Amino acid sequence: MTEEPHRSRRMAIMKAHPEVTKLMGYTPLTKYVVLFVVSLQIALAIFLRHKSPLSPLFIFLAYAIGGTANHNLFLAIHEITHNLAFPGVAPNKLLAIFANLPIGIPYSAAFKGYHIEHHKFMGQDGIDTDLPTRFELICLNNVLGKVFFATFQILFYALRPTFVRAQRLTRWHLLNVLAQVVFDYLLVTWCGPRPLIYLLMSSFFAGSLHPCAGHFIAEHYLWDGMEQETYIAWTRLPALRALAPEFYDTLPSHPSWPMVIFNFIRDKEVGIFARAKRLGKGKPLEAVKVVNGSACSSNEKGGTRKARA
């Protein structure tokens with residue numbers, strides 16, 4: 001519990017099952033899924049070009065189909081960020097930019113830099129921008145605050161990094177912005193503003209009170225009896241679990257993403273504060289949470305002490 005947990009699990013699984021390396025590598029299916037979902041979203045956006053954004057049909061499609069589709073693209077960009085769509089780095093970055101198009105706002109290039117830092121410095125304040133800021137902890141540590149966070153969590157993930165840690169711009173950032181601006185401009189020029197409104201609404205719903213959005217909370221917040229911080233899987237998870245069942249069958253899990261959001265909001269023992277924090281490389285993990293109004297943290301030896309939130 002003192003280092004980035006993905007590496008520890010990976011090394012342990014590889015030691016117990018050396019043949020697991022055969023499952024490693026890119027997944028060709030990813031690019032076809034991306035192509036299908038991008039095509040679906042563009043087609044629906046154009047279909048709705050004459051519909052009012054306030055009409056029941058428009059809102060329903062943006063929530064039920066658009067929110068699900070753009071959430072799929074968020075996850076696809078995550079996989080692509082780990083170079084799991086093509087064997088080369090450049091093709092993966094280009095595919096991520098393509099997958100970004102229906103999202104409406106350029107973010108894939110910036111996400112890669114922040115996400116790699118999230119893995120290398122997981123739980124470290126000032127570097128891991130996935131951690132809530134002190135301002136969020138102060139303002140959102142109540143039921144209404146958690147409702148606000150769950151409703152607008154996509155904005156927190158999008159805006160927080162720019163306030164916490166600026167990135168050095170690269171040609172990939174510029175290409176991402178250029179491709180998105182050209183796509184949005186052409187879409188509005190040819191079909192009017194409503195298709196772009198549909199795509200932006202889809203992105204908002206994808207990270208709001210949407211069944212799929214529960215995975216953001218389920219995968220990163222600490223719950224009773226759950227010590228692992230992230231769960232990542234794609235097409236080879238069934239084969240991996242069959243190969244190394246002792247590493248997976250004992251893991252706690254959430255049976256329902258919608259219930260994750262509901263329980264996150266109502267449970268006083270879980271909130272914005274329920275994140276694992278690390279002091280630095282090789283230093284103990286601090287699982288910070290509030291007990292009876294006081295901030296406490298549990299160290300890796302199981303003890304609990306008073307701490308500053």
Side-chain angles (χ1 to χ4, degrees), residues 26 30-31 33-46 48-49 53 62 66-67 69-86 88-121 126-130 133 152-208 213 216:
Y26 69 98
T30 300
K31 59 180 177 290
V33 173
V34 168
L35 178 60
F36 170 76
V37 177
V38 169
S39 301
L40 173 66
Q41 280 295 81
I42 293 176
L44 282 175
I46 295 174
L48 293 171
R49 67 189 182 279
N70 276 15
H71 199 95
N72 176 280
L73 292 175
F74 289 149
L75 299 184
I77 290 173
H78 170 271
E79 295 292 310
I80 298 165
T81 290
H82 287 284
N83 299 321
L84 293 177
F86 293 102
V89 174
N92 280 283
K93 290 184 176 181
L94 290 173
L95 182 63
I97 292 174
F98 176 72
N100 196 150
L101 295 180
I103 293 171
I105 299 174
Y107 94 101
S108 63
F111 173 78
K112 182 176 179 68
Y114 286 123
H115 189 66
I116 296 303
E117 287 184 340
H118 165 65
H119 278 286
K120 291 180 64 177
F121 305 98
I127 303 179
D128 183 0
T129 58
D130 195 71
T133 62
F152 298 98
Q153 58 179 313
I154 191 66
L155 299 182
F156 284 90
Y157 282 106
L159 299 177
R160 182 193 298 139
T162 61
F163 290 99
V164 175
R165 184 177 175 85
Q167 281 190 4
R168 181 177 63 86
L169 295 180
T170 68
R171 61 177 181 174
W172 291 105
H173 290 80
L174 299 178
L175 181 59
N176 186 196
V177 172
L178 179 62
Q180 193 65 55
V181 169
V182 170
F183 173 81
D184 292 349
Y185 173 78
L186 293 177
L187 188 63
V188 172
T189 300
W190 293 342
C191 303
R194 291 175 180 176
L196 182 58
I197 292 175
Y198 165 79
L199 295 179
L200 293 175
M201 286 178 63
S202 297
S203 296
F204 172 76
F205 286 138
S208 183
F216 285 134

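Quick caveat: nothing in here was measured; it's all calculated off a predicted structure.
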In Å and rounded to the nearest 0.5 Å, what is the [atom1] to [atom2] distance from [X] to [Y]?
| X | Y | atom1 | atom2 | value |
| --- | --- | --- | --- | --- |
| L196 | L186 | CG | CG | 11.5 Å |
| N72 | L40 | CG | CG | 9.5 Å |
| T30 | F86 | OG1 | CZ | 9.0 Å |
| F204 | I105 | CZ | CD1 | 11.5 Å |
| L95 | E79 | CG | CD | 11.5 Å |
| I77 | F111 | CD1 | CZ | 8.0 Å |

When you compare the side chain of [Y] with that of [X], does any pair of heavy atoms fall below 4.5 Å?
| X | Y | result |
| --- | --- | --- |
| N70 | P102 | yes |
| L94 | L175 | yes |
| R49 | Y198 | no |
| H78 | F74 | no |

* **N/O donor-acceptor pair under 3.5 Å between N83 side chain and G88 backbone** => no
* **N176 side-chain N/O to S108 backbone N/O, donor-acceptor pair under 3.5 Å** => yes
Testing the basics here: between [X] and [Y], what is the closest heavy-atom pair and its distance to 0.1 Å?
| X | Y | answer |
| --- | --- | --- |
| A206 | H71 | O-ND1, 2.8 Å |
| A99 | V34 | CB-CG1, 3.7 Å |
| G66 | S202 | CA-OG, 3.2 Å |
| L101 | F183 | O-CE2, 3.4 Å |
| N92 | I80 | O-CG2, 2.8 Å |
| Y107 | N100 | N-OD1, 2.7 Å |

* Counting heavy atoms not belonging to L155, are there more than 12 under 6.0 Å from its CG? -> yes
* Are there more than 12 heavy atoms of other residues, nucleotides or ligands under 6.0 Å from atom OH of Y26? -> no
* Asked: Think R160 forms a cation-pi with Y157, using NZ or CZ under 6.0 Å from the six-ring centre and within 45 degrees of its axis?
  -> yes
